[in-house]
Amino acid sequence: MTGVTSGIGRAVTIALLEDGWTVIGLSRRYPTGLPSDLPGRFGWHHGNLLTGYGVNHVRWCFQDGLDALIHCAAVQGPVGPFSGVVPHEWDACVRVNLLGTARVLQIALPFLRESDDARVLLFAGGGAFNPRADYSAYAASKAGVVSLMETVAAEWAGTNVSVNCVSPGYVPTPMVGEVDGPSEQMDRAVACVRHLLSPATKGLTGRTISAEYDGWQTLDEQTVPAVM
C-alpha cells in the first residue's frame with residue numbers, strides 16, 4: 001500500500017487493518033495517528049520509487065509475497081495554464097504519478113502472481129477522462145495511469161492477477177488543500193476499495209470504477225463477467 005501518510009491512502013490503510021489485513025505501508029513520511037488497537041498488522045517503510053536504491057528496497061519489502069497492491073501515491077503538480085508552467089515542475093509531477101506507478105507495478109507483479117487471487121488497484125483522477133484546465137501534468141499523468149492499467153490487465157488476462165483503477169471523485173485531503181479527516185466522500189472511496197478487494201469482485205479486470213457514479217455496490221460473482 002503506497003501513499004499511506006495521509007488522505008485516501010491513510011484511510012484505506014486503517015480500513016484494511018480493521019478487516020484483518022497485514023499492510024506494508026510505503027510513503028515518504030510515517031502516518032501519524034493510526035489507532036493502536038487495530039486487529040491487522042502494519043509495517044511502514046520509506047518508499048522512493050524513482051531511485052535505484054528505492055526500487056531495490058521496495059522489492060525487498062515485497063519478498064514475503066503479496067495478495068494485493070494498492071497504489072495511492074500522487075501529487076497535484078504545477079497549477080496554471082500549460083503554456084506557463086515551469087518545465088521541471090511539470091516533469092516532476094509526471095515522474096511521481098505515472099513513472100512511480102509503473103515502477104511499483106512492475107516490481108509487484110512477480111510477487112502477485114504467487115497469490116491465488118491477486119488484486120491491483122491503481123488510482124485515476126481528475127483529467128484522466130476529460131479536460132482539466134490548469135492541471136495539465138496531473139491530468140496527463142492520470143490518463144497515463146489508466147492506459148497503463150488497461151494494457152497490463154490485457155497482458156495478464158486469464159491469470160490470477162486482476163488489475164483495475166479506482167476513480168475516487170473529489171475527496172477532501174491535504175493534496176487538494178483540505179484538512180485530513182472523515183467525510184462522506186472519503187467513506188465512499190474507502191468502501192469502493194474494500195468491495196473491489198472482496199471475493200465478490202473476483203475476475204473483474206481492466207476496468208476503471210468510479211466510486212461516485214458507478215454502481216460498484218452491486219458487482220458480485222454473478223455480475224462481474226458481464227462487465228469485463
Side-chain angles (χ1 to χ4, degrees), residues 1-36 38-77 92-115 118-125 138 141-142 144-146 148-149 152 156 161-168 171 173-176 180 186 189-190 192-194 196-197:
M1 175 85 204
T2 69
V4 301
T5 298
S6 61
I8 297 174
R10 181 180 179 276
V12 170
T13 295
I14 293 173
L16 295 182
L17 291 171
E18 289 174 345
D19 293 343
W21 287 78
T22 295
V23 178
I24 301 169
L26 298 168
S27 60
R28 291 177 295 176
R29 298 183 307 279
Y30 187 85
T32 59
L34 290 180
S36 59
L38 293 170
R41 294 190 296 123
F42 178 73
W44 178 80
H45 298 270
H46 182 269
N48 184 348
L49 294 161
L50 301 179
T51 68
Y53 173 82
V55 166
N56 288 333
H57 181 65
V58 171
R59 186 177 289 111
W60 176 84
C61 292
F62 294 165
Q63 65 182 341
D64 291 332
L66 290 175
D67 291 313
L69 170 68
I70 305 171
H71 182 56
C72 202
V75 296
Q76 281 274 58
C93 178
V94 174
R95 280 174 56 82
V96 171
N97 293 356
L98 179 55
L99 297 185
T101 299
R103 294 290 177 271
V104 72
L105 181 55
Q106 194 171 45
I107 294 166
L109 283 171
F111 299 98
L112 290 163
R113 72 186 307 167
E114 302 301 321
S115 172
R119 312 292 178 94
V120 174
L121 294 179
L122 309 178
F123 273 75
Y138 184 82
S141 64
K142 287 300 184 178
V145 168
V146 171
L148 175 64
M149 175 276 294
V152 174
W156 286 68
V161 181
S162 298
V163 188
N164 296 289
C165 271
V166 176
S167 181
V171 179
T173 67
M175 189 179 77
V176 296
D180 205 7
M186 181 71 80
V190 171
C192 181
V193 169
R194 274 176 151 156
L196 293 176
L197 292 175

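Residue numbers start at 1 and run along the sequence shown. Computed from a predicted model, the values in this text were never measured in an experiment.
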**Student:** Suppose we screen for side chain to side chain contact (heavy atoms under 4.5 Å, CB included). Which residues come up paired with Leu50, at least two apart in sequence or across chains?
**Tutor:**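 Partners of Leu50 by the side chain to side chain contact (heavy atoms under 4.5 Å, CB included) criterion, ordered by chain and then number, come out as Asn48, Arg95, Val96, Leu99.
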
**Student:** What distance separates Thr173 OG1 from Gln76 CD, expressed to the nearest 0.5 Å?
**Tutor:**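 That separation rounds to 8.0 Å.
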
**Student:** Can you say whether the rings of His57 and Trp60 are parallel (under 30°), tilted (30 to 60°) or perpendicular (over 60°)?
**Tutor:**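 His57 and Trp60: parallel rings.
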
**Student:** Would you please name every residue forming a side chain to side chain contact (heavy atoms under 4.5 Å, CB included) with Ser162, sequence neighbours left out?
**Tutor:**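 Ser162 satisfies side chain to side chain contact (heavy atoms under 4.5 Å, CB included) with Arg119, Asn164, Thr205 only.
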
**Student:** Quick check: does any side chain N or O of Arg103 sit under 3.5 Å from a backbone N or O of Thr51, one acting as donor and the other as acceptor?
**Tutor:**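 Not confirmed, Arg103 side chain does not pair with Thr51 backbone.
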
**Student:** So, do Phe123 and Ile70 sit near enough that their side-chain heavy atoms are less than 4.5 Å apart?
**Tutor:**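 With C-beta onward as the side chain, the pair touches.
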
**Student:** Tell me, do Leu109 and Val152 make a side-chain contact under 4.5 Å, heavy atoms counted?
**Tutor:**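 Yes, side chains in contact.
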
**Student:** Does some side-chain heavy atom of Ile107 sit less than 4.5 Å from a side-chain heavy atom of Leu49?
**Tutor:**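 With C-beta onward as the side chain, the pair touches.
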
**Student:** Return the CG to CE distance between Leu66 and Met1, rounded to the nearest 0.5 Å.
**Tutor:**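 Those atoms lie 13.0 Å apart.
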
**Student:** I need the minimum non-hydrogen distance between Arg113 and Trp156, along with the two atoms involved.
**Tutor:**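 Closest pair (atom of Arg113, atom of Trp156, distance): CB-CZ3, 3.9 Å.
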
**Student:** Might you point out which heavy atoms bring Pro31 and Trp44 nearest each other, and give the distance in Å?
**Tutor:**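 So the minimum-distance heavy-atom pair works out to CD-CD1, 3.7 Å.
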
**Student:** Which residues pass the side chain to side chain contact (heavy atoms under 4.5 Å, CB included) test with Pro35, not counting sequence neighbours?
**Tutor:**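 With sequence neighbours excluded, Pro35 shows a side chain to side chain contact (heavy atoms under 4.5 Å, CB included) to Ile14, Asp37, Leu38, given in chain and number order.
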
**Student:** When rounded to the nearest 0.5 angstrom, what is the spacing between OG in Ser115 and CG in Leu69?
**Tutor:**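 The CG atom of Leu69 is 12.0 Å from OG of Ser115, to the nearest 0.5 Å.
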
**Student:** Do you know the tightest heavy-atom contact between Val190 and Ala11?
**Tutor:**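 That would be CG2-CB, 3.8 Å.
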
**Student:** Less than 4.5 Å apart, side chain to side chain, heavy atoms only: is that true for Tyr138 and Asn97?
**Tutor:**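 Sidechains of Asn97 and Tyr138: in contact.
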
**Student:** Please give me the minimum heavy-atom distance between Ala68 and Leu112, naming the atom from each residue.
**Tutor:**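 Of all heavy-atom pairs spanning Ala68 and Leu112, the closest is N-CD2, 3.8 Å.
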
**Student:** Arg41: which residues meet the side chain to side chain contact (heavy atoms under 4.5 Å, CB included) condition with it, sequence neighbours left out?
**Tutor:**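 Side chain to side chain contact (heavy atoms under 4.5 Å, CB included) list for Arg41, sorted by chain: Thr22.
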
**Student:** Name all residues meeting the salt bridge (charged side-chain N to carboxylate O under 4.0 Å, His left out) criterion together with Asp67; count only those two or more places apart in sequence or in a different chain, and write none if there are none.
**Tutor:**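 Partners of Asp67 by the salt bridge (charged side-chain N to carboxylate O under 4.0 Å, His left out) criterion come out as none, since no residue qualifies.
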
**Student:** Measure the spacing between NE2 of His46 and OG of Ser27 and express it to the nearest 0.5 Å.
**Tutor:**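 If I round to the nearest 0.5 Å, the distance is 8.0 Å.
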
**Student:** Working to the nearest 0.5 Å, report the span between CG of Leu122 and CG of Leu98.
**Tutor:**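 Atom-to-atom, Leu122:CG and Leu98:CG are 10.5 Å apart.
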
**Student:** What are the two closest non-hydrogen atoms of Arg28 and Gly47, and how far apart are they?
**Tutor:**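 Closest approach of Arg28 to Gly47: CG-O, 4.2 Å.
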
**Student:** May I ask you to test the Val58-Thr2 pair for a side-chain heavy-atom distance under 4.5 Å?
**Tutor:**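 They are not in side-chain contact.
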
**Student:** With Glu18, which residues qualify under salt bridge (charged side-chain N to carboxylate O under 4.0 Å, His left out), at least two apart?
**Tutor:**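 In terms of salt bridge (charged side-chain N to carboxylate O under 4.0 Å, His left out), with neighbours along the sequence ignored, Glu18 is linked to Arg194.
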
**Student:** When rounded to the nearest 0.5 angstrom, what is the spacing between CG in Leu26 and OG1 in Thr5?
**Tutor:**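 OG1 of Thr5 is found 10.0 Å from CG of Leu26.
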
**Student:** Within the 4.5 Å heavy-atom criterion, are Cys72 and Val12 side-chain neighbours or not?
**Tutor:**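 Sidechains of Val12 and Cys72: no contact.
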
